*Asks:* 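Take this structure, written in structure tokens, and hold onto it; I'll ask about it next.
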2 protein chains.
Amino acid sequence: MEIKQNEIIEFMRSNGIKPSYQRIKIYEYLVKNRNHPTTEIIYHNLIKKIPTFSRTTVYNTMELFIKRGIVSMISIDEKEARFDADTSVHAHFMCTICKNIYDIPVKSGEVNISGLKGFKVSENHINFKGICKSCSKHNKSEIN
Amino acid sequence: MEIKQNEIIEFMRSNGIKPSYQRIKIYEYLVKNRNHPTTEIIYHNLIKKIPTFSRTTVYNTMELFIKRGIVSMISIDEKEARFDADTSVHAHFMCTICKNIYDIPVKSGEVNISGLKGFKVSENHINFKGICKSCSKHNKSEIN
DNA sequence: GTATCTGCAAAACATTTGCAATTCT
DNA sequence: AGAATTGCAAATGTTTTGCAGATAC
């Protein structure tokens, strides 16, 4: 993903977030690495560039980003939270073999649950687990 | 929910689970209280009846139940895991005001995500958050 | 009598909190 | 200077692990 610092700063300001150096780097990481990282992954990657960087800042910043709606939390992996800079409606699929998390597009009308009538839905978390295409192939060839 | 100990024992055996006293009580609790309890809630309720009962046993037992497929884990509340003895396909809705977790039926065809083609889905976790019917009413009357 | 199950105590993690130092305007 | 942000260190809360004793077949 290509994104310029200027655009990030602009984007943060328009969402009521003061663009500190740490916040910019964190958001930049999220946009450039669409890998649904954990707090630890973000910390691990940015401590290289920012020697005084702390986990607390990641926690603080994620909380702020979520409150301002520019990041959403994914709880597909019950051990630790993961984050996604793509806040549009989409599902996730986690492969139980390779542990990869895939973004799954959800087209309009593909999720239409009549039982939700009367509930005011503000967040949706649609997560699947199983075996991804790539791991299915490998398994097949091993068996045959 | 009405269920007899005999039925539970039968059911466990048919799923390859040795029916110990603790396991029976835990499963009985899950079936009679369809409230998606946390480990702590289960522990808290059963320690009353089993003075030597331990949290470890709850963790061990839930792991076993999940492995044998008679219970599923709900991660709608990222703080702690919740459990559901209803393993059929259905969604969950957590009210951000009253914190209640509702079971939402999902009829055949209501979730049909074409982007999942090629993925072998073995688990689905469809969770929503927002304001439930009851809390919506109260809010409305406060505002008007 | 051997396997399994249970439960205590300690350890391991992820996350939160308090607060002092730093940074920004 | 004043307000917000950062980050260290300690606390918290959930879950896991090691192991000894209890229980079941």
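Keep in mind the model is a prediction, meaning the values are calculated, not measured. Order of the sequence lines fixes the chain letters, A, B, ..., with proteins taken first and strands second; residue numbering starts at 1 for each chain.
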*Asks:* When the nearest nucleotide of DNA chain D is assigned to B:Glu80 and to B:Pro19 on a heavy-atom basis, which residue is associated with the more 5' position?
*Replies:*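 Result of the comparison: B:Glu80.
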*Asks:* Tell which nucleotide pairs with D:dT23, taking only Watson-Crick or G-U wobble pairs whose two distances are both under 3.5 angstrom.
*Replies:*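 Pair assignment: D:dT23 / none.
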*Asks:* At what distance, to the nearest 0.5 angstrom, does CD1 of B:Ile104 lie from CD of B:Glu110?
*Replies:*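 One finds 11.0 Å between CD1 of B:Ile104 and CD of B:Glu110.
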*Asks:* Using atom CD1 of A:Ile50 as one end and atom C1' of D:dT5 as the other, report the distance to the nearest whole Å.
*Replies:*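 Between C1' of D:dT5 and CD1 of A:Ile50: 13 Å.
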*Asks:* Paired with C:dA3 by Watson-Crick or G-U wobble geometry, both distances under 3.5 Å: which nucleotide is it?
*Replies:*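 Matched C:dA3 with nothing under the 3.5 Å cut-off.
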*Asks:* If you compare every side-chain N and O of A:Lys79 against the phosphate oxygens of D:dT16 (OP1, OP2), does one of them come in below 4.0 Å?
*Replies:*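 Checking A:Lys79 against D:dT16: at least one side-chain N or O falls below 4.0 Å of OP1 or OP2.
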*Asks:* Output the rounded distance in Å from CZ (B:Phe65) to P (C:dC5).
*Replies:*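 My rounded result for the distance is 11 Å.
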*Asks:* Starting at atom CG of A:Asn60, determine the distance to atom C1' of D:dA4, rounded to an integer number of angstrom.
*Replies:*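 The distance from CG of A:Asn60 to C1' of D:dA4 comes to 12 Å, rounded to the nearest Å.
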*Asks:* Measure the distance from CG on B:Leu64 to C1' on C:dG7 and round it to the nearest whole Å.
*Replies:*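 That distance rounds to 16 Å.
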*Asks:* Does B:Lys4 offer a backbone N or O that forms a donor-acceptor pair with the side chain of B:Glu7 under 3.5 Å?
*Replies:*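 Yes, the answer is positive, given that a donor and an acceptor are paired below the 3.5 Å cut-off.
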*Asks:* In plain terms, say whether A:Glu28 and A:Lys32 are close enough for a salt bridge, that is, a side-chain N and a carboxylate O under 4.0 Å apart.
*Replies:*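 Looking at A:Glu28 and A:Lys32, the cut-off is met.
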*Asks:* Answer yes or no: side-chain N or O of B:Thr57 and base N or O of C:dC5 forming a donor-acceptor pair under 3.5 Å.
*Replies:*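 It does not, because no donor-acceptor pair links the side chain of B:Thr57 to the base of C:dC5 below 3.5 Å.
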*Asks:* What about A:Ser20: does its side chain form a donor-acceptor pair under 3.5 Å with the base of C:dC24?
*Replies:*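 No, no donor-acceptor pair under 3.5 Å.
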*Asks:* Take the angle between the ring planes of B:His36 and B:His92 and call it parallel below 30°, perpendicular above 60°, tilted in between.
*Replies:*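 Geometry flag for B:His92 against B:His36: perpendicular rings.
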*Asks:* Is any side-chain nitrogen or oxygen of B:Ser54 closer than 4.0 Å to OP1 or OP2 of C:dT6?
*Replies:*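 No.
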*Asks:* OP1 or OP2 of D:dT16 less than 4.0 angstrom from a side-chain nitrogen or oxygen of B:Tyr59, does that happen here?
*Replies:*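 No, B:Tyr59 has no side-chain N/O under 4.0 Å of OP1/OP2 on D:dT16.
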*Asks:* Where the side chain of A:Asp84 meets the backbone of A:Asp86, is there a donor-acceptor pair that is under 3.5 Å apart?
*Replies:*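 Here the side-chain-to-backbone pair exists.
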*Asks:* Does C:dC5 have OP1 or OP2 under 4.0 Å away from a side-chain N or O of B:Arg23?
*Replies:*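 Checking C:dC5 against B:Arg23, a side-chain N or O does come within under 4.0 Å of OP1 or OP2.
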*Asks:* Looking across every strand, which nucleic acid part, if any, lies under 4.0 Å from B:Thr38 by heavy atom: base, sugar-phosphate, or nothing?
*Replies:*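 B:Thr38: no heavy atom of the nucleic acid under 4.0 Å.
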*Asks:* In whole Å, what is the span from the CZ atom of A:Phe83 to the C1' atom of C:dT15?
*Replies:*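 Interatomic distance, CZ of A:Phe83 to C1' of C:dT15: 10 Å.
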*Asks:* What is the separation between atom CD on A:Glu63 and atom C1' on C:dA14, rounded to the nearest whole Å?
*Replies:*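 Distance check: A:Glu63 CD to C:dA14 C1' gives 15 Å.
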*Asks:* Base, sugar-phosphate, or nothing: which does A:Phe53 touch, judged by heavy atoms less than 4.0 Å apart?
*Replies:*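 Sugar-phosphate, no base atom in range.
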*Asks:* Using atom CD1 of A:Ile17 as one end and atom P of D:dT6 as the other, report the distance to the nearest whole Å.
*Replies:*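 Computing the A:Ile17:CD1 to D:dT6:P distance gives 11 Å.
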*Asks:* Do B:Asn100 and B:Met94 have side-chain heavy atoms sitting under 4.5 Å apart?
*Replies:*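 In short, these two side chains do not touch, never coming nearer than 4.5 Å.
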*Asks:* Any side-chain N or O of B:Gln22 below 4.0 angstrom from OP1/OP2 of D:dT23?
*Replies:*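 Indeed not, no polar side-chain atom of B:Gln22 lies that close.
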*Asks:* Any side-chain N or O of A:Thr56 under 4.0 Å from OP1/OP2 of C:dT17?
*Replies:*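 Indeed not, no polar side-chain atom of A:Thr56 lies that close.
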*Asks:* What is the distance from CD1 of A:Ile42 to P of C:dT15, rounded to the nearest Å?
*Replies:*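 Spelled out: CD1 on A:Ile42 to P on C:dT15 is 11 Å.
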